[in-house]
Structure formats: C-alpha cells, structure tokens
Engineer: 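Provided herewith is a single structure, encoded as structure tokens, for subsequent inquiry.
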2 protein chains.
Amino acid sequence: MPKNKQFNKEIVLEAAAGIFRQKGYNGTSIDDILTATGLSRSSLYDSFQDKHNLYLKSLEFYKDSNDKKIQTVDEKNLNGLEKLETMFKSVVNHLVEHPDDNGCLLVNAAAEMSKQCFKTSQVVCNNKDEVQDILSSWISDAEQKKVLKLHKPAKIYGQFLYNTLCGLRVMSQSGAGKTELNNVVKVALDSLN
Amino acid sequence: MPKNKQFNKEIVLEAAAGIFRQKGYNGTSIDDILTATGLSRSSLYDSFQDKHNLYLKSLEFYKDSNDKKIQTVDEKNLNGLEKLETMFKSVVNHLVEHPDDNGCLLVNAAAEMSKQCFKTSQVVCNNKDEVQDILSSWISDAEQKKVLKLHKPAKIYGQFLYNTLCGLRVMSQSGAGKTELNNVVKVALDSLN
DNA sequence: AATGTATCGGAACGCTTATTCCAAAAGACT
DNA sequence: AGTCTTTTGGAATAAGCGTTCCGATACATT
C-alpha cells in the first residue's frame with residue numbers, strides 16, 4: 001500500500017492554531033503556516049483543502065483542547081466553587097506566564113471572523129453555550145453542597161462568569177497585569193455570595 | 001491659493017473606523033477603504049500617509065468618540081451608581097440594536113493587532129486605564145453618597161467593571177442575546193453591594 | 001481672465017498572496 | 001526486487017495587494 005503520512009494531524013492543527021492565534025486569519029499567510037507546521041505546500045492542500053478549512057479545523061481543535069482542560073478540572077474531587085477557583089486561577093496563571101502567547105483563539109475568532117464566516121460563529125457560539133453550562137453546573141453543585149447561597153438561578157451566574165472569562169482574555173491583551181486580573185477574578189467570585 | 005479639501009477628516013475617520021471594525025485591519029483592502037470613505041486613492045495617501053497610519057488615526061478617533069459618550073453620561077446630574085446603570089444600559093442597547101455593527105474597534109484591535117503593533121497596544125492600554133479611572137470615580141461617588149457600601153477599594157471595582165464591559169463586547173460577537181447581556185450586567189452591578 | 005498651487009482620478013508598478021500542477025521520491029504490498 | 005499508490009518539494013499561475021506617479025482638474029488668488 002501507499003507511503004504513510006509523514007506528519008501527525010493533531011500536531012499540525014495545534015501549530016496552525018498557534019500561528020492563527022498570533023497573527024489572526026487574514027494576517028497569516030500560507031508560508032507562515034508552512035513554517036509553523038513544517039508541512040509542505042502539497043500536503044497542506046491535500047490534507048486540509050485550503051486555508052479557510054484549515055482555520056476552521058484548527059479552531060475546532062483549539063476548542064476541543066480547551067474543553068478537555070475544563071473536563072480535567074471537572075473530574076477532580078472538588079466542590080463546584082473549588083472547581084471555579086481552580087479554573088480561574090489556571091486561566092490567569094496562563095495569561096500571566098505567557099504574555100507573548102497571543103490570547104484566546106476563540107476570542108480572537110469572535111472578534112475577527114464571526115460576522116464574516118457563519119461556521120466560525122457557530123463554533124464560537126457553541127463554545128459559549130457549552131462553557132456556560134459547565135460553569136452553571138459547578139455553581140449548582142456549590143449551592144447543593146451549601147458552599148454558596150445564591151440569589152439568582154445558577155444559569156445566570158454561568159453567563160456572568162463566562163463574561164468574566166472573556167473579559168480576562170481581552171484585558172490581558174490590553175496590557176493588564178497579574179494583580180489586575182486577580183482583582184477581577186476575586187470580585188467576580190465574591191459576587192456569587 | 002489652492003483648491004480646498006473636498007472631504008471632512010472626521011467623517012473620513014469615522015467611515016474608516018467603521019470598515020476596520022467590520023473587516024479588521026488585515027481584512028480591509030485599500031479599495032474597501034476608498035468605497036467606505038468616498039476618498040480617492042491620491043487623497044488617502046496625501047492626507048493619511050498609508051493604510052497603517054489611517055488605521056491608527058481612526059482607532060484614536062474611535063477612542064475619542066467613545067470617551068465623549070462616557071463624558072456625556074458623566075456630565076449628567078446623577079450619582080455614580082446611576083451613571084453606571086445608564087452607561088451599561090446604553091452599551092447593551094447598542095449591542096442589541098446593532099447586531100450587524102461589528103463589535104468594538106478597541107476590543108477587535110486588542111485581539112488582532114495589539115501584540116503586533118506597539119502603537120495600537122498603547123491606544124488600547126490607555127483606553128483601558130482611562131475608562132477604569134472613570135468607572136472607579138463613579139463608584140467612589142456612589143460610596144460617598146452612601147448609595148453603595150463597598151468591601152474593597154473603588155479602583156478594584158473599576159477594574160472589574162471594565163472587565164465586564166470587555167466581556168459584553170466579546171459575548172455579543174459570540175451570539176449572546178439581549179437577556180444574556182442584561183443578566184451579566186445585573187449580576188455585575190449587584191456585586192457592588 | 002490669467003496664474004499658480006493643491007486635489008484628484010486612474011493607470012501602472014512591484015510585491016505578496018492563495019492555489020494548482022507535475023515530476024520525483026518513498027514506503028507497503030506481492 | 002518490482003510494482004503501485006500516495007506523499008512531497010518546488011516551480012508556475014493568476015489574482016489581489018499596498019503604494020507610487022502623473023496628467024488633468026479645479027479653485028483661491030491677482
């Protein structure tokens with residue numbers, strides 16, 4: 001049978017997501033992608049159709065690996081509030097320790113592409129709804145375990161905390177430092193009581 | 001003496017800001033700018049140097065008109081909390097009533113350009129600090145007038161509410177509707193007590 | 001009306017872009 | 001070892017990009 005593929009699709013998608021995150025969709029050239037992924041021109045078009053398709057595939061890959069990170073927190077033996085704290089701490093840590101690492105591809109995609117590409121907007125919107133649901137479930141859990149006493153339905157706090165999360169990504173790209181981001185998280189989590 | 005300019009610089013900058021907001025910096029071509037502004041190619045390069053300079057000028061223009069909107073609220077005869085409520089209501093209203101109107105140029109600039117262009121990052125960062133200061137001053141005012149009783153310094157709440165504001169813009173571009181955005185604002189403002 | 005200077009429209013330039021194509025290379029099978 | 005199918009590198013293509021340039025235009029001045 002034929003020669004095997006000489007690259008790993010997931011590694012390529014991760015590298016592609018990285019370069020799209022740095023330079024945006026329109027700011028990234030095919031040559032940028034080739035050097036970032038190590039792929040040859042032919043392999044790229046053979047395996048990923050074209051630039052736009054590769055963008056969508058790497059956006060979905062990025063979303064999936066984001067989901068997995070959240071699931072890792074979810075599987076820990078913690079109550080909902082502790083899960084929230086863990087998650088926010090790791091998000092802020094990542095933002096602070098990788099200031100050059102250019103923000104969240106999903107946020108960047110929402111800003112640059114969501115109104116021009118329906119499929120991008122679908123991924124971005126699905127991510128929003130899914131993350132909100134997980135956050136809401138953590139909040140419900142904290143309420144059930146009497147760690148929190150809510151004044152509003154858990155779903156609303158899920159929406160609020162997702163908003164906080166989006167804000168953190170933008171603020172980090174707007175030059176906010178560690179203290180600033182930690183302050184935001186502190187007020188947001190305190191507001192649950 | 002010479003013939004007069006046949007265009008108004010502010011109107012041009014507003015139109016340019018509009019097209020950059022829709023398509024981003026790299027997604028906007030010179031031809032896009034010419035049709036959006038009505039300018040001729042020569043006039044554009046005569047008056048604004050090049051595309052990148054026009055982008056920065058229109059970003060600054062956008063920031064200034066944003067500042068003016070906030071100042072309009074600031075000049076009203078309201079206490080700080082009422083000013084906050086007025087401002088958030090008008091932001092959400094604008095997002096909901098102009099869903100096609102593609103988000104905030106400053107947020108989009110932070111996502112697309114801030115790490116690649118120092119001047120862009122300066123404008124974005126200055127805007128962050130200035131808006132945070134105004135929000136903080138409103139919060140202090142509300143505290144002084146005993147409308148609010150804070151548990152943390154006003155500055156921290158300013159940072160938090162600016163974060164909320166950024167989040168709203170991203171969430172709106174991620175497909176969030178009126179109820180969702182209003183819920184976020186409600187929780188954020190309730191958290192001041 | 002004539003003059004002089006700045007604006008303007010559009011052709012032209014050179015570079016970069018995304019994409020295609022083809023011959024050469026390379027492994028899995030018989 | 002030979003065959004067959006797929007991958008791969010790189011040249012080629014055509015369209016689009018930002019920018020420059022120049023002749024024609026148009027107005028404020030004399």
Side-chain angles (χ1 to χ4, degrees), chain A residues 1-60 105 108-109 112-113 116-120, chain B residues 1-60 105 108-109 112-113 116-120:
Chain A
M1 285 275 165
K3 183 182 164 186
N4 288 337
K5 281 245 164 68
Q6 301 222 342
F7 57 87
N8 177 301
K9 210 158 185 170
E10 300 213 334
I11 293 177
V12 168
L13 286 177
E14 186 163 25
I19 193 72
F20 281 130
R21 201 168 29 152
Q22 269 178 58
K23 304 195 163 193
Y25 176 74
N26 286 305
T28 303
S29 71
I30 296 285
D31 283 324
D32 287 334
I33 298 170
L34 298 186
T35 48
T37 59
L39 239 56
S40 76
R41 206 172 297 273
S42 328
S43 306
L44 193 159
Y45 282 93
D46 250 37
S47 302
F48 299 100
Q49 205 165 299
D50 60 14
K51 182 187 172 185
H52 190 253
N53 193 262
L54 174 65
Y55 178 75
L56 288 171
K57 287 283 177 300
S58 60
L59 182 65
E60 283 162 17
L105 183 58
N108 293 3
E112 189 187 2
M113 298 291 286
Q116 311 194 48
C117 168
F118 179 64
K119 289 184 180 176
T120 297
Chain B
M1 285 277 163
K3 181 180 165 186
N4 288 339
K5 283 246 165 66
Q6 301 222 340
F7 58 86
N8 177 300
K9 210 158 185 170
E10 301 213 334
I11 293 177
V12 167
L13 287 177
E14 186 162 27
I19 193 73
F20 280 130
R21 200 167 30 152
Q22 270 179 57
K23 303 194 164 195
Y25 176 74
N26 286 306
T28 303
S29 71
I30 296 286
D31 283 323
D32 287 335
I33 299 171
L34 298 186
T35 48
T37 59
L39 239 56
S40 77
R41 205 172 299 271
S42 327
S43 307
L44 192 159
Y45 282 92
D46 251 36
S47 301
F48 297 99
Q49 207 163 294
D50 59 14
K51 182 187 173 184
H52 190 251
N53 193 262
L54 174 65
Y55 179 75
L56 287 170
K57 288 282 176 302
S58 60
L59 182 64
E60 282 162 17
L105 182 59
N108 293 3
E112 189 188 0
M113 298 289 287
Q116 311 196 46
C117 168
F118 180 64
K119 290 185 179 174
T120 297

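Every chain is numbered from 1, with letters handed out A, B, ... down the list of sequences. Values in this document were obtained by computation on a predicted structure and should not be read as measured data.
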Engineer: Between Q116(A) and Q22(B) (side chain of the first, backbone of the second, donor and acceptor by atom type, cut-off under 3.5 Å), is there such a pair?
Structural biologist: yes
Engineer: Across nucleotides 9-21 of chain D, 5' to 3', mark each nucleotide with B, S or - according to how protein heavy atoms within less than 4.0 Å reach it.
Structural biologist: BBB-----SSBBB
Engineer: Rounded to the nearest angstrom, tell me the gap between atom OH in Y55(A) and atom P in dA18(C).
Structural biologist: 14 Å
Engineer: Quick check against the 3.5 Å criterion: does E112(B) have a side-chain atom that pairs as donor or acceptor with the backbone of G27(A)?
Structural biologist: no
Engineer: Got L54(A) and L13(A) here, is their nearest side-chain heavy-atom distance under 4.5 Å?
Structural biologist: yes
Engineer: Going by heavy atoms in the side chains, are F20(B) and I33(B) under 4.5 Å from each other?
Structural biologist: yes
Engineer: May I have the distance from D46(A) (atom CG) to dT19(C) (atom C1'), rounded to whole angstrom?
Structural biologist: 13 Å
Engineer: Check DNA chain C against residues 7-21 of chain A and give the residues with a non-hydrogen atom under 4.0 Å, in numerical order.
Structural biologist: none
Engineer: Output the rounded distance in Å from CZ (F48(A)) to P (dA18(C)).
Structural biologist: 16 Å
Engineer: Rounded to whole Å, please give me the gap between CG in L44(B) and C1' in dG10(C).
Structural biologist: 15 Å
Engineer: So with a 6.0 Å cut-off around CD of E14(A), is the heavy-atom count from everything else above 12?
Structural biologist: no
Engineer: So V12(B) and S43(B), side chain to side chain contact (heavy atoms under 4.5 Å, CB included) or not? Walk me through it.
Structural biologist: CA-CA 11 Å; V12(B) 167; S43(B) 307; over 6 Å; no
Engineer: On the 0 to 90° scale, with breaks at 30° and 60°, tag the F48(A)-F7(A) ring pair as parallel, tilted or perpendicular.
Structural biologist: tilted
Engineer: What pairs with K23(A) under salt bridge (Lys or Arg N to Asp or Glu O under 4.0 Å), at least two apart in sequence or on another chain?
Structural biologist: D32(A)
